[in-house]
Amino acid sequence: MPTERYNAAEAEPRWQKIWDERGIFAARNDDPRPKYYVLEMFPYPSGSLHVGHSRNYAIGDAIARYRRAKGFNVLHPMGWDAFGLPAENAAIERKIHPRLWTERNIALMKADLKAIGISYDWSREIATCDPRYYKHQQKMFLDFLQAGLVERRKSKVNWDPVEQTVLANEQVIDGRGWRSGALVEQRELTQWFFKITDYSQDLLDSLDRLDRWPEKVLLMQKNWIGRSEGLLIRFALDERSTPNGENELEIFTTRADTLFGARFMALAPDHPLALAAAQKNPKLAAFIAGCKRHGTAQEIIDKAEKLGFDTGIKAIHPFDPSWKLPVYVANFILMDYGTGAIFGCPAHDQRDLDFVNKYRLGNVPVVCPPSQDAKTFAITDTAYEGDGRMINSRFLDGMTSTEAKEEVARRLEKATRPLAKTQAGKATAPGTAAAGDRPVAERRVNYRLRDWGISRQRYWGCPIPIIHCEACGIVPVPEQDLPVTLPEDVSFDRPGNPLDHHPTWGKVACPQCGNKNARRETDTMDTFVDSSWYFVRFTDPTNAAAPDDPRIANAWMPVDIYIGGIEHAILHLLYSRFFMRAMQKTGHVGCDEPFAGLFTQGMVLHETYRKADGDWITPAEVKITSEGERRRATLAATGEAVEIGPLEKMSKSKRNTVGIVEIVQSYGADTARWLVLSDSPPDREVIWTEQGVQGAARFVQRLWRLVNEAGEIGGGAPAERPAQFSSAATALRKATHQALAAVGDDVEKLHFNVCVAHIHEFANALTVAIGDIAAQEIAADLRWAMREAADILVQLFAPMMPHLAEECWAALGHDTLVAQAPWPALQRELLIEDTITLPVQINGKKRAEVAVPRDAGNAEIEAAVLSLDAVKKTLDGKTPKKVIIVPKRIVNVVA
RNA sequence: GCGGACGUGGCGAAACGGUAGACGCAAGGGACUUAAAAUCCCUUGGGGGAAACCCUGUGCGGGUUCGAGUCCCGCCGUCCGCACCA
């Protein structure tokens, strides 16, 4: 039968149009079937898509289509993370308005997503730069403010003096602004914060409930939150030595056991006591200024020498009033962790040891490692940071480190000292001032997690709905005035925030007192805010009155499977988890975890190509020739030699991308989708090669031929399932149902590469079956089995190659859509064999096989095994020591 | 520095503690073609053998087990995350 080649370029748009016209991917909120919410991280609309981007959409779509077939009411929406800096950069570089640039990119990328046939419910499309979206974000900001989850306070930021804007840490490269190249300054700015630290413990504890998240991500979040238990200790200061009579210094430590090894105290350069001392000591002031100049680049921190400055202040040891400790300002103490002050125990902390060795302060070991003799144990240039027995520690001697920590805490909790006259360092227990005496120490849990600063001095973001009034202070924009929309007429011809320069936008009357000279907040929100709740908005995307309808949101949420890159393992996912809690607290939703399941897909890699002059060349411009094992690349247009470079993640900068449009036009979307799902486990990297594309394209054609051949044989089959099947028909049916069982299992586990292998196996089996019967008269039962095989084969690959599947489905005579067909019912009885073949091991090495009835007892199996020639030969008449029979798996004879 | 993951043919990879290398790619041989493409068949971890088969093999060294790619301990290597976090 001459079957024409499958023409993807013609067929794919035709089926996309039919899906679209029939609206079959629209999810209804009132559908009674069980829900399944599958979501791929929405993209930033940077331009057009390349096949590297397509992988997470291909994964998500395979899941969505499979779940639909399994009878779920599937929500599979898509939108645009549309605010952000690149739009402003485009405005500066190309003189195009950020909104126009963004809208144009959305149109381009939407066309790409449609061209690969992802089954989205486009009726729910949202863009975060749409006032109909950010209006609700502003409302929630105000709700959070009222609920005490938003704070305004001073904070240190990286300030680019040329761009006149705040830079994120990752925008600071070697201490310079990534665009301007200007030396970045540390500045104090008043910023808005979301109080994510209110939820530190909850965000940590709840990780245990996220049993469908990758371990790696859970661990990264746990480390990021960074809980540590310790002791907050109030050291008395010798008032005669302090600049303004300060008499107390609070420190945080996790190693209270090493208190008798203390040699010095150290303050962060921006600690209040350090600043107070600097006022009276110009040399100290100069030292502090020097510390601030150092950037935050990791290389610098790594190699930076531990530097300190002796303030002359003396601290008094909590267990010995006569023991005075010098107070230094040191460059390695961070103001925003703990209290910004420490006691230094050099013998048991490497940084402290480096410090004392520089300033010759000496050390006293107080923890003796189990393997060492207390009498001779000494520390020179490597601190011992492990556990052991206490030495040189008075009443702690002989205890373990753990016991000593507990003993110190117990004693210092009971000890009290009068309330500080002048507090040095952070206040710790507000409201206890009236009580008079306070304990010298408190047990304290500290977290690495910091509050989330959301202020950005940018135009293209969600305006913060606040008005500053000289009389009333901070005034929320009244709800009826929301949204606060961005002005259209802005210019980007000078540095800084265009909203600041706008002649009229910032001027507004105070909603409370009517003061005409009030001013709008000109900071906009971090774009991570936009992406922290969009998944809720998808449940009710056109709701004009509220961010969502809690009844609808609660029915859909949480997202059942969220698919995206590992690069979002911390910030986006942590912020979203916080935001759900804040939305729950303010009555917008009823659950706290947004994503029940998470899947982080691997990158798509491609070779890189470079000309002699160093310019990167795109794969499309390169011609590859092979001479035996060697591959050679030339520039197709000129024949110029091109160097083949290493595999890299597809990226614009290395130009090693393959565009969606070009691949869809030359091979079809299904080929591309198949390739990115087939070669590697989806959480690992996959390599895009021309051979891979050709292989996938060949398989597309092979499936098309195979289905047509099987369909022709199955064409004359009876509608009803025959009562009896011949052995050939039964064998085919077994192969069919084995494939069905395996593929279903693979998709559930998201093992798409194994799933692909099983489809290949089934295709191979079907090819053999067709070859075996081609010449014979074909009985009705075999025809029926062949049609069943063809139908199921098509349904198995339909989630991954949906267009080809529709074309095949139609060719098989169906007048329905395979996208709407229920998943085939598995006939388990076909998976059960009457006789099973067990491998037989002798002393753990496979030596033979034995065929036994499925329900054979152990005695019967043992007898069969012992009668095997290979076994008899080894045993040589002796009785085996043991025969291990693992039911339906293996037999091991121990000789 | 701290934390984690991984290490299997020429390559991408499979393998509930139970027959290591499924499936694909590449390579080689063959069929069909005037020829090419497409398609189909065969071979392909290493070593031995005419063959049946045998030996060996999952980074290295130990251990647990009837049985280890898989579990435990110690090395070596690669990758990732965090990082002056007291």
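Lettering follows sequence order; numbering is per chain, from 1. Quick caveat: nothing in here was measured; it's all calculated off a predicted structure.
Look at A:Glu442 and A:Arg234 and you find a salt bridge, because one of the NZ, NE, NH1 or NH2 atoms lies within 4.0 Å of a carboxylate O, short of that distance. No salt bridge links A:Glu385 with A:Arg255; every basic N to acidic carboxylate O contact stays at or beyond 4.0 Å. With respect to the salt-bridge test (charged N to carboxylate O, under 4.0 angstrom), the residues A:Asp745 and A:Lys749 qualify. A:Asp336 has a carboxylate O that lies under 4.0 Å from a charged side-chain N of A:Arg450, or vice versa, which qualifies the two as a salt bridge. Salt bridge annotation for A:Glu406-A:Arg443: present, with a cationic side-chain nitrogen under 4.0 angstrom from a carboxylate oxygen.
Phosphate proximity of B:rC66 to A:Lys882: present, with a side-chain N or O under 4.0 Å from OP1 or OP2. In terms of phosphate contacts, A:Asn764 brings a side-chain nitrogen or oxygen within less than 4.0 Å of OP1 or OP2 of B:rG24. Checking the phosphate oxygens (OP1, OP2) of B:rC25, no side-chain nitrogen or oxygen of A:Thr689 falls inside 4.0 Å. Of the side-chain N and O atoms in A:Arg698, none sit less than 4.0 angstrom from OP1 or OP2 of B:rA38. Considering only side-chain N and O atoms, A:Arg847 lies under 4.0 angstrom from the phosphate OP1 or OP2 of B:rC55. For A:Asn843 and B:rC66, the shortest distance from a side-chain N or O to OP1 or OP2 is not below 4.0 Å. Considering only side-chain N and O atoms, A:Lys845 lies nowhere under 4.0 angstrom from the phosphate OP1 or OP2 of B:rC66. Between B:rG3 and A:Arg448, no contact under 4.0 Å exists linking OP1 or OP2 to a side-chain N or O.
B:rG7 and B:rC76 make up a base pair, with Watson-Crick or G-U wobble contacts both under 3.5 Å. Base-pair partner of B:rU65: not found among the strands shown (Watson-Crick or G-U wobble, both distances under 3.5 Å). With a cut-off of 3.5 Å on both pairing distances, B:rA38 has no Watson-Crick or G-U wobble partner at all. B:rA50: no Watson-Crick or G-U partner with both key distances under 3.5 Å is found in any strand.
When the P atom of B:rC66 is taken as reference, atom NZ of A:Lys881 falls 11 Å away, rounded to whole Å. Straight-line distance from the CE atom of A:Met603 to the C1' atom of B:rG12: 18 Å, rounded to whole Å. Summarising the geometry, the separation between CZ on A:Arg702 and P on B:rG24 is reported as 7 Å, rounded to the nearest angstrom. Atom pair A:Asp679:CG and B:rA26:C1' shows a separation of 12 Å (rounding to whole Å applied). Protein atom CG of A:Leu449 is 14 Å distant from nucleotide atom P of B:rC82, rounded to whole Å. Rounded to whole Å, atom C1' of B:rG4 lies 11 Å from atom CD of A:Glu215. Note: CG (A:Asp869) to P (B:rC54) measures 12 Å, nearest angstrom. As rounded to whole Å, 12 Å separates atom C1' of B:rC84 from atom CG of A:Asp336.
Counting any heavy atom pair closer than 4.0 Å across all strands shown, A:Ile759 reaches no nucleic acid atom. Counting any heavy atom pair closer than 4.0 Å across all strands shown, A:Leu219 reaches sugar-phosphate atoms only and no base atom. Within the nucleic acid shown, A:Glu849 comes within 4.0 Å of at least one base atom, counting heavy atoms only. When heavy atoms are screened at a 4.0 angstrom cut-off, A:Gln841 is found touching base atoms of the nucleic acid. Nucleic acid contact for A:Val894: sugar-phosphate only, since backbone atoms but no base atoms lie under 4.0 Å from a heavy atom of the residue.
Residues A:Arg255 and A:Arg889 both approach RNA chain B. Their nearest nucleotides, taken by heavy-atom distance, put A:Arg889 toward the 5′ side. When each of A:Asn753 and A:Phe343 is assigned the nucleotide of RNA chain B with its nearest heavy atom, A:Asn753 is the one assigned upstream, toward the 5' end.
If you take atom P in B:rG67 and the same atom in B:rA14, they sit 28 Å apart, rounded to whole Å. When the P atom is used for both B:rC76 and B:rA86, the distance is 27 Å, rounded to whole Å. Spacing of C1' atoms, B:rG48 relative to B:rC40, comes out at 33 Å, to the nearest Å. For the P atom pair drawn from B:rC32 and B:rA36, the interatomic distance equals 12 Å after rounding to whole Å. Atom name C1', nucleotides B:rG47 and B:rG81: the rounded distance is 44 Å, in whole Å. B:rC75 and B:rC66 have their P atoms separated by 28 Å, given to the nearest Å. If you take atom C1' in B:rC85 and the same atom in B:rC11, they sit 44 Å apart, rounded to whole Å. On the P atoms, B:rU19 is 26 Å away from B:rC25, given to the nearest whole Å.
The base of B:rC85 sits within donor-acceptor range of the side chain of A:Arg450, with an N or O pair under 3.5 Å.
No donor-acceptor pair under 3.5 Å is formed between the side chain of A:Arg444 and the backbone N or O of A:Leu232.
Between B:rG18, B:rC23, B:rG81, one nucleotide has an atom nearer to the side chain of A:Ala757 than all others, and that is B:rC23. Distance from the side chain of A:Val754 is smallest for B:rA14 among the nucleotides B:rA14, B:rC80, B:rA86.
Glycosidic conformation of B:rG7: anti, with the torsion beyond 90° of 0.
Between A:Ser228 and A:Asn446, the side chains place no donor N or O within less than 3.5 Å of an acceptor N or O (distance only, hydrogens not considered).
Relative to the ring axis of A:Phe332, A:Lys306 places its NZ or CZ within 45° and under 6.0 Å from the centre.
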